[in-house]
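Accompanying notes for the structure given below.
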Amino acid sequence: MSAAFKASPCPTLQRRAEFLCVAAKGRKAPVHGLVLQALPRDDTGPARFGFTVTKKVGNAVVRNRTRRRLKEAARLLFAASPMIGVDLVLIGRDATRGRDFLDLQDDIRRAMRKVGVA
RNA sequence: CCAGACGGCCGGACGACCGCUGGCGGGGGCAACUCCGCUGGAGGAAAGUCCGGGCUCCACGGAAAUACGGUGCCGGCUAACGGCCGGCGAGGGUGACCUCAGGGAAAGUGCCACAGAAAAUAAACCGCCGGCGCGAUUUCGGUCUCGCAGGCAAGGGUGAAACGGUGCGGUAAGAGCGCACCGCGCCCCUGGCAACAGGGGCGGCAGGGUAAACCCCACCGGGAGCAAGACCGAAUAGGGGUGGCCGGCGAGGCGCGAAAGCGUUGACGCAGGGGCAUUUCCGCCCUGUCAUCCGGGUUGGUCGCGUCAGGCGCGCAGCGAUGCGCGUCGCAGAGGAAUGGUCGUCUCGUUGUCGUGCAAGCGAUGGCGGACAGAACCCGGCUUACAGGCCGUCUGGCAAG
RNA sequence: CGGAGCGUAGCGCAGCCUGGUAGCGCAUCAGUCUGGGGGACUGAGGGUCGUGGGUUCGAAUCCCGCCGCUCCGA
């Protein structure tokens, strides 16, 4: 883990308005294991993350597990290669829960290329 | 051994690597924060939000009544409850056991489709019975059709339900008309705190069902909810105070003066200026400026926020719910929301293959699966969901001793 | 956290309060009119009344427990 990342651990989007902003103005990339929304910012702060799982995916236990897998996959991925100046929203879907963990990480990498921020 | 009833309990285990978060200790930093170590970190339902409380704010002089809502056999337990325990009654089951339920239908009002004569002041469709009259017939005893005025409710038929039931007697036919038993009502006695049960006597039956129809009776309930509530409090806009400076006209106020008048005054009006995209008119809104202070208050932050109707063990009392005593333990605290991610070994269930065996089975190996479900202020219940498994008590059946 | 409402035929609704027959429109099917289509007319079929219990002689309707959906308020 890089010292820079550790010094300021991956911050999260907090408010509903920020999520809506990313959804409205950002770019969107659906892949098998998730949907990625990305919105570049005009600063050089570390990338901020938001995780969303809708009620359609399942009950609270299923949603929790889906979100935690996304979170962990993102953590491992961006600890290895940190990013700056972008807000990322990862949206869980049905397949997220059963997806092989390595495939899920690949999904995130592919989605990053698709939105053009990788 | 098989089938079943009831009660209680568990809710995969261990390890490795990488993380999140609370507390404590230590180091660094003015601080925010950060690093290291130790330690804690989801459930029996955390769920649904159906009840009862704690807590907080609001309202309120006390009490009662009305309205509304809820509850409803009896006794007990409990902080309280619509909960729990024990008992009573009714229904179901061969049984262990399960399910249901307040009283009042004579306080009153309403409803009971279709069918049926009649659905609640009772009434009489087919009928039954004797009497009278006309007629027919006759073996002269009667028998039958029709009509009239009566008696009856046993039988038929309808219905979920027909104004007690069954039997015997009785009668012209019948009828609680009489009797026996059952049911029902009233009174008394016995047992029980009581619900109620048992027994005796009397009554000759009056009072169909429905109150999870309106309702009557008894008891309970003030309202809202941790987004309660308390504190801190940025930027911007707006409110108010004080002071300095600038400022056209008028009204009014104040001061001086006998008056004219003069001075003063940002609380009024007008003018002037600005805004409502632009122009004209109309309309509406804002309006001197600078400094400083005050109060309210949004985003945000802090608290509320983890020591209690607490868990466990033992003893005592009680059939039990539960209570009392002693000992012991400290046991989640997030806030787009921690309690995890990945992997391995084992375990459990299921299934395939192979070996062995007459078989039950045993051994090896592989696949798949491991439920329901995530604290959001806390607690007591209820309800609902749940793979698989364990323990205990009891019932029925089969076999053996 | 608190509150309100809905679920009935393929679709949209009524019936529920006041319990006994489930009805309306569109759609579907058949027939007639027309050379055919469209259209009109006539007729027919189609409903576990979301689900499980209870009350009642009888429940879509009354009562209770669940399931799903929608909408408010803080």
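Numbered from 1 within each chain, the chains take letters A, B, ... in sequence-line order.
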Selected nucleotide, minimal atom distance to [X] side chain, candidates [options]:
| X | options | result |
| --- | --- | --- |
| A/V61 | B/G374, B/A338, B/G336 | B/G374 |
| A/R68 | B/U339, B/A337, B/G341 | B/U339 |
| A/N64 | B/A338, B/G374, B/G336 | B/G374 |
| A/E72 | B/G336, B/A42, B/C18 | B/C18 |
| A/R75 | B/G19, B/U339, B/U342 | B/G19 |
| A/N59 | B/U342, B/U339, B/A373 | B/A373 |
| A/R67 | B/G336, B/A338, B/U342 | B/A338 |

Rounded to the nearest angstrom, tell me the gap between atom [atom1] in [X] and atom [atom2] in [N].
| X | N | atom1 | atom2 | answer |
| --- | --- | --- | --- | --- |
| A/K56 | C/C69 | NZ | C1' | 13 Å |
| A/K71 | B/U342 | NZ | P | 14 Å |
| A/L76 | B/C17 | CG | P | 16 Å |
| A/R65 | B/C372 | CZ | P | 13 Å |
| A/F49 | B/G336 | CZ | C1' | 15 Å |
| A/D103 | B/U342 | CG | P | 13 Å |
| A/I108 | B/G341 | CD1 | C1' | 13 Å |
| A/L70 | B/U342 | CG | C1' | 15 Å |

- Message: Show the nearest heavy-atom pair for residues A/R99 and A/H32, with the distance to one decimal.
- Response: NH1-ND1, 3.1 Å
Hey, what do you get for [atom1] ([X]) to [atom2] ([Y]), rounding to the nearest 0.5 Å?
| X | Y | atom1 | atom2 | answer |
| --- | --- | --- | --- | --- |
| A/I108 | A/R110 | CD1 | CZ | 11.0 Å |
| A/R63 | A/T52 | CZ | OG1 | 11.5 Å |
| A/L39 | A/Q37 | CG | CD | 9.5 Å |
| A/L90 | A/F49 | CG | CZ | 7.5 Å |

- Does A/R97 or A/V53 map to a spot on RNA chain B nearer the 5' end, using the closest nucleotide for each? A/V53
Which whole number of Å gives the distance between the [atom1] atom of [N] and that of [M]?
| N | M | atom1 | value |
| --- | --- | --- | --- |
| B/A105 | B/G130 | P | 45 Å |
| C/A22 | C/A59 | C1' | 13 Å |
| C/A60 | C/G39 | P | 39 Å |
| B/A5 | B/A96 | P | 14 Å |
| B/G191 | B/C215 | C1' | 39 Å |
| B/G241 | B/G225 | C1' | 40 Å |
| C/G43 | C/C24 | P | 12 Å |
| B/A122 | B/A206 | C1' | 14 Å |

Please give the nucleotide sitting opposite [N] as a Watson-Crick or G-U wobble pair, both distances under 3.5 Å, or none.
| N | result |
| --- | --- |
| B/G25 | B/C36 |
| B/G102 | none |
| B/C88 | none |
| B/C382 | B/G48 |
| B/A228 | none |
| B/C256 | B/G261 |
| B/U139 | none |
| B/U280 | none |

Chi class for [N]: syn within 90° of 0, otherwise anti:
| N | answer |
| --- | --- |
| B/A42 | syn |
| C/G23 | anti |
| C/G65 | anti |
| B/G86 | anti |

- A/R63 near the nucleic acid: base, sugar-phosphate alone, or nothing, with a heavy-atom cut-off under 4.0 Å? nothing
Checking [X] side chain against [Y] main chain: does a donor-acceptor pair fall under 3.5 Å?
| X | Y | answer |
| --- | --- | --- |
| A/R69 | A/R97 | yes |
| A/R27 | A/L36 | no |
| A/K71 | A/F51 | no |

- Message: With side-chain contact (heavy atoms from CB on, under 4.5 Å) as the test, pick out the partner of A/V57 among A/T96, A/I91, A/V62.
- Response: A/V62
- Message: Tell me whether the ring of A/F51 lies stacked over the B/G336 base, given a 5.5 Å limit on centroids and a 30° limit on the plane angle.
- Response: no
- Pair A/V35-A/K28, side-chain contact (heavy atoms from CB on, under 4.5 Å): steps then yes or no: CA-CA 7 Å; A/V35 177; A/K28 194 167 134 188; 3.9 Å; yes
- According to the Watson-Crick and G-U wobble definition with distances under 3.5 Å, which dot-bracket string, read 5' to 3', encodes RNA chain C, using [ ] for crossing pairs and | for pairs with another strand? (((((((..((((......[..)))).((((((.....)))))).....(((((..]....)))))))))))).
